[in-house]
Amino acid sequence: MCRRTRGSGPTLESPRCPHLHPLMPDSPVRVRFAPSPTGFLHVGGARTAIYNDLLAQKLGGVNILRIEDTDRRRSDEAMTRQIEDALRWIGVEWDEGPYLQSERLDRHLERAHQLLAEGRAYRAYETPDELDAERARLQKVGETFRYREGRSPLAADEIASRADAGAPFAVRFRMPSEPIRFVDLVRGEVEFLPEVFDDFILLRSDGSPTYHMSVVTDDIDMAVTHVIRGEDHLSNTPKHIALFERLGATVPTFAHLPMILGQNRKRLSKRSGAASVEEFRSQGILPQALYNYLALLGWNPGDEREVMSRETLVEAFTTERLNDSAAVFDPEKLAWMNAQYMSTLDLSEILSHAAPFLTAAGIGVADPDYLAAAVDLLRTRAKTLAELSELAATYFEENLAYDPELTAKFRSQEDLAEHLEQLAARYAAVEPFDKEGLERELRALAEALEVKAGQLIHPVRMALTGAKAGPPLFDVVELVGREATARHLANFVAHLRG
RNA sequence: GGCGCGUUCGUCUAGGGGUCUAGGACGCCGGCCUCUCACGCCGGUAACACGGGUUCGAAUCCCGUACGCGCUACCA
């Protein structure tokens, strides 16, 4: 198995392994991400998109976006738009598309009719109900129903008379009778025996193509070289391979990614918590963090790096380090990852991602420098942009409402109000109003009063932010400024005496 | 039921026959830093699903069992 050979061995990236490189060594790598428009982008899909992105970038290939909207009922333009937005937001790029599968209907039909004409497919006259009945019947006897040519539940003369009467028919693909083997980039060699093959449907009796017909047709026409998709398609792969072959096309290389599970160890879904890119976005997760986290969920660079930019991930990416077992999505670790980006990204970047959250928290951008300074002070203290905005909001309050429970211990300190008034007097005069001077004044006052500096620092923090913990106090005072500091101090003194 | 895939700390993972008294990360616990919180730093907790082989030696190779997941549609 090629993928088991590490180091100097043949790999996808060094195309010396014939199994892994069905195409000419110099033919360009073409991958595609083919979501169905369900109204949101699932994180499992997002991860698939990321690996496609990474591989295309790594190999200088082409990434294609194709919307599998053949199920008309749940497809519309807005949903397609939603997927594009989500991909763009998370940082996945594509070079071609989006193609809409529904717009390629003629082509799917053409190829299906070609197969029919060539005798690689045939007409089948059973109705879905009849097939269901047959399945149920065999089920009872402990057998499995598999549709192969000549094994119809219908009598031969019945089929003939339906055909003569021009009855509607489905078009079924004639599956080969040899085993189908392939080397999956993630799982190694996989084999399916002909005993389990079904002559599956290419065209429904209403003439519409099925998913299998459409995907393979599109993958051929789009010259896709590597199909990276979810494990749920592994069992469909023999069907697809047979179609590629009968259609005279080169079979692409497959990579089937394991599922992403929720905390409940079931496939991640809305029930098991946030499951879509949009949800994380609205929670205030940074796109870089989600991209990074998802890339690491099922892949690792082989060393101990974890926080990695897209560029670094591209440089480090190899399909041979893709994992083959399902992974549980861990929101805690995502939060940590996000915090990493919150504290290291350029402030301007944080600011632009935070803007909608800031607005939602009622924070205006009247003074961009003030906003930036506040965000900079708080960025290491928030795990999400939503938290950040919440924390920042108090820095924009005209007057703060103090929580009696939090201020109880200050109110029981007899001299505190008096001390704070003295501090306020010093702060009114200090020049310049910067943290060094502010600290000097406070410590000098503490010494004169014969109290510990903390005895003043903590109540001042409460006065200015309404919280018992937060950024270093003198940074806060400097930021808040002379005027607001005086106002908050006065309010707090009143609160203490009230 | 059939077929396919999987199983290392709670979670993400490293591991490719001896270097494994199993490494890293998240979480958790403790400490340092410190005006508090957070960041950061230091330390601790915790795992090879089970049973058989093969081998001088197995987390690693083989077989089986258990469990989980996927597919088994005129869904995609």
Side-chain angles (χ1 to χ4, degrees), chain A residues 4-7 34-36 38 68-71 73-74 101 124 126-129 131-132 135 138-139 142-146 168-172 184 186-187 190-193 195-198 200-208 210-212 214-215 230-239 256 258-259 261 263 265-267 293 296-300 302-307 321 323-337 339-340 342-343 377-383 391 439 442-443 446 452-458 460-462 467-474:
Chain A
R4 293 292 168 196
T5 311
R6 288 205 176 151
S36 53
T38 51
E68 314 248 298
D69 61 343
T70 47
D71 187 358
R73 290 193 320 265
R74 57 186 204 204
Q101 196 156 66
E126 305 78 14
T127 66
D129 286 348
L131 294 171
D132 285 346
R135 244 185 295 273
L138 285 173
Q139 177 93 277
E143 280 178 63
T144 307
F145 176 64
R146 291 200 177 82
F169 56 87
V171 173
R172 284 187 184 265
D184 187 281
V186 174
R187 319 210 163 245
V190 185
E191 180 183 45
F192 290 85
L193 269 10
E195 296 83 83
V196 306
F197 294 164
D198 250 322
F200 60 97
I201 290 177
L202 258 21
L203 256 30
R204 302 182 184 93
S205 47
D206 66 0
S208 64
T210 58
Y211 165 76
H212 305 297
S214 299
V215 215
E231 191 187 11
D232 44 345
H233 286 294
L234 189 59
S235 304
N236 289 328
T237 306
K239 294 186 179 86
H256 288 96
M259 303 273 98
L261 277 21
Q263 306 296 121
R265 299 213 138 260
K266 300 245 184 274
R267 190 171 172 161
Y293 176 75
L296 251 27
L297 198 62
W299 175 87
N300 71 80
D303 52 40
E304 265 143 28
R305 287 177 293 177
E306 293 211 305
V307 181
R321 296 203 64 89
N323 260 111
D324 60 3
S325 56
V328 173
F329 190 95
D330 183 6
E332 292 285 328
K333 187 150 185 179
L334 205 215
W336 168 81
M337 183 68 80
Q340 295 298 306
M342 292 279 285
S343 50
L377 271 187
L378 296 167
R379 65 199 299 196
T380 60
R381 270 158 271 260
K383 293 222 187 234
L391 289 175
E439 177 157 14
L442 183 141
R443 288 191 190 279
K452 287 185 167 178
Q455 293 291 102
L456 260 21
I457 287 173
H458 297 300
V460 173
R461 171 175 290 111
M462 181 59 69
K468 56 181 184 177
L473 182 72
F474 304 106

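Both backbone and side-chain heavy atoms feed into the values below; hydrogens, waters and symmetry mates do not. Convention: sequence-line order gives letters A, B, ...; per-chain numbering from 1.
- Side-chain atoms of A:L203 and A:F169, non-hydrogen and from C-beta on, never get closer than 4.5 Å to each other.
- Ranked by how close their nearest RNA chain B nucleotide is to the 5' end, A:V196 and A:G302 are led by A:V196.
- On the P atoms, B:G70 is 46 Å away from B:C37, given to the nearest whole Å.
- Between the side chains of A:D206 and A:S208, a donor-acceptor pair is found at a separation under 3.5 Å.
- Side-chain N or O atoms of A:Y293 include one that pairs as donor or acceptor with a backbone N or O of A:D330 at under 3.5 Å.
- Taking atom P in both B:A14 and B:G52, the straight-line distance is 28 Å, to the nearest Å.
- Per the geometry, CG belonging to A:D324 stands 10 Å off C1' belonging to B:U7, to the nearest Å.
- The interatomic distance linking A:N236 (CG) with B:U72 (P) rounds to 6 Å, in whole Å.
- Formation of a donor-acceptor pair under 3.5 Å by the A:R146 side chain with backbone atoms of A:D198 is not found in this model.
- Counting only heavy atoms from C-beta outward, the side chains of A:S36 and A:Q101 never approach each other to under 4.5 Å.
- Look at B:C39: it lacks any Watson-Crick or wobble partner with both distances under 3.5 angstrom.
- Distance check, rounded to the nearest 0.5 Å: CG of A:L334 to NZ of A:K383 gives 11.0 Å.
- Using a 4.0 Å heavy-atom criterion, one finds that A:T127 contacts the bases of the nucleic acid, with or without backbone contacts as well.
- Comparing the P positions of B:C63 and B:G6 gives an interatomic distance of 12 Å, to the nearest angstrom.
- If you check every strand for non-hydrogen atoms under 4.0 Å, A:G230 touches nothing.
- Protein atom CE of A:M342 is 12 Å distant from nucleotide atom C1' of B:C39, rounded to whole Å.
- Comparing the same atom, C1', in B:C39 and in B:C20 gives a spacing of 34 Å after rounding to whole Å.
- Using a 4.0 Å cut-off between a side-chain N of Lys or Arg and a carboxylate O of Asp or Glu, A:R187 and A:E231 qualify as a salt bridge.
- Atom pair A:H212:NE2 and B:C71:P shows a separation of 11 Å (rounding to whole Å applied).
- Rounded to whole Å, the separation between the C1' atoms of B:G24 and B:A47 comes to 14 Å.
- The 5' end of RNA chain B is approached more closely, in terms of each residue's nearest nucleotide, by A:K239 than by the other of A:K239 and A:T210.
- Across all strands, A:R379 comes closer than 4.0 Å to no nucleic acid atom at all (heavy-atom distances).
- Within the 3.5 Å criterion, the main-chain N or O of A:P471 finds a donor-acceptor partner in the side chain of A:R461.
- Taking NE2 of A:H212 as the start and OG1 of A:T210 as the end, the distance is 5.5 Å to the nearest 0.5 Å.
- A 3.5 Å limit on both hydrogen-bonding distances identifies no Watson-Crick or G-U partner for B:C20.
- Distance check, rounded to the nearest 0.5 Å: CG of A:L378 to CE of A:M342 gives 9.0 Å.
- Contact check for A:V190 versus A:H256: no side-chain heavy atoms found under the 4.5 Å cut-off.
- In this structure, B:A59 makes no Watson-Crick or G-U wobble pair, since no nucleotide meets both defining distances under 3.5 angstrom.
- Within the 4.5 Å cutoff, the side chain of A:Q263 has heavy atoms near those of the A:V328 side chain.
- B:A49 and B:C69 have their C1' atoms separated by 16 Å, given to the nearest Å.
- Rounded to an integer number of Å, the gap from A:L203 CG to B:C74 C1' is 10 Å.
- Atoms CG (A:L297) and C1' (B:C12) sit 7 Å apart, rounded to a whole Å.
- Nucleotides B:C35 and B:G27 have their P atoms positioned 26 Å apart, rounded to a whole Å.
- Considering only the side chain of A:A170, B:C74 comes nearest among B:C37, B:C5, B:C74.
- Of all nucleotides present, only B:U72 satisfies the Watson-Crick or G-U wobble test against B:G1, with each distance under 3.5 Å.
- The base of B:C74 sits within donor-acceptor range of the side chain of A:S205, with an N or O pair under 3.5 Å.
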task: Between protein and nucleotides 42-51 of chain B, map the contacts as a letter string: B base, S sugar-phosphate only, - none, heavy atoms under 4.0 Å, written 5' to 3'.
output: ----------
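- For A:R172 and B:C74, the shortest distance from a side-chain N or O to OP1 or OP2 is below 4.0 Å.
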Show me the protein contacts with nucleotides 67-70 of chain B, counting only N or O atoms at under 3.5 Å.
residue, atom, partner, partner atom, Å
B:C69, OP1, A:K266, NZ, 2.8
B:G70, N2, A:S235, OG, 3.3

message: Return a single string for nucleotides 20-35 of chain B, one symbol per nucleotide in 5' to 3' order, where B is base contact, S is sugar-phosphate-only contact and - is none, cutoff 4.0 angstrom on heavy atoms.
response: ---SBBSS-------B
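- For the pair A:L193 CG and B:C71 C1', the interatomic distance rounds to 16 Å; values are reported in whole Å.
- B:C62 and B:C5 have their P atoms separated by 13 Å, with the value rounded to a whole Å.
- When rounded to the nearest whole Å, the span between CG of A:N300 and P of B:G16 equals 13 Å.
- Between the CG atom of A:D232 and the CZ atom of A:R267 there is a distance of 4.5 Å, given to the nearest 0.5 Å.
- A donor-acceptor contact shorter than 3.5 Å is absent between the side chain of A:S205 and the backbone of A:P168.
- In this structure, A:R135 reaches the B:C74 phosphate: one of its side-chain N or O atoms is under 4.0 Å from OP1 or OP2.
- Taking every side-chain heavy atom of A:F192 into account, B:G4 is the closest of B:U36, B:C39, B:G4.
- Looking at heavy-atom distances under 4.0 Å, A:V190 makes contact with sugar-phosphate atoms alone, never a base.
- Out of B:G2, B:C74, B:G6, the shortest distance to the side chain of A:T144 is found at B:G2.
- The nucleotide B:C50 finds its pairing partner in B:G64, both defining distances of the Watson-Crick or G-U wobble pair being shorter than 3.5 Å.
- Panel note: side chain A:R381, backbone A:L377; a donor-acceptor pair is recorded below 3.5 Å.
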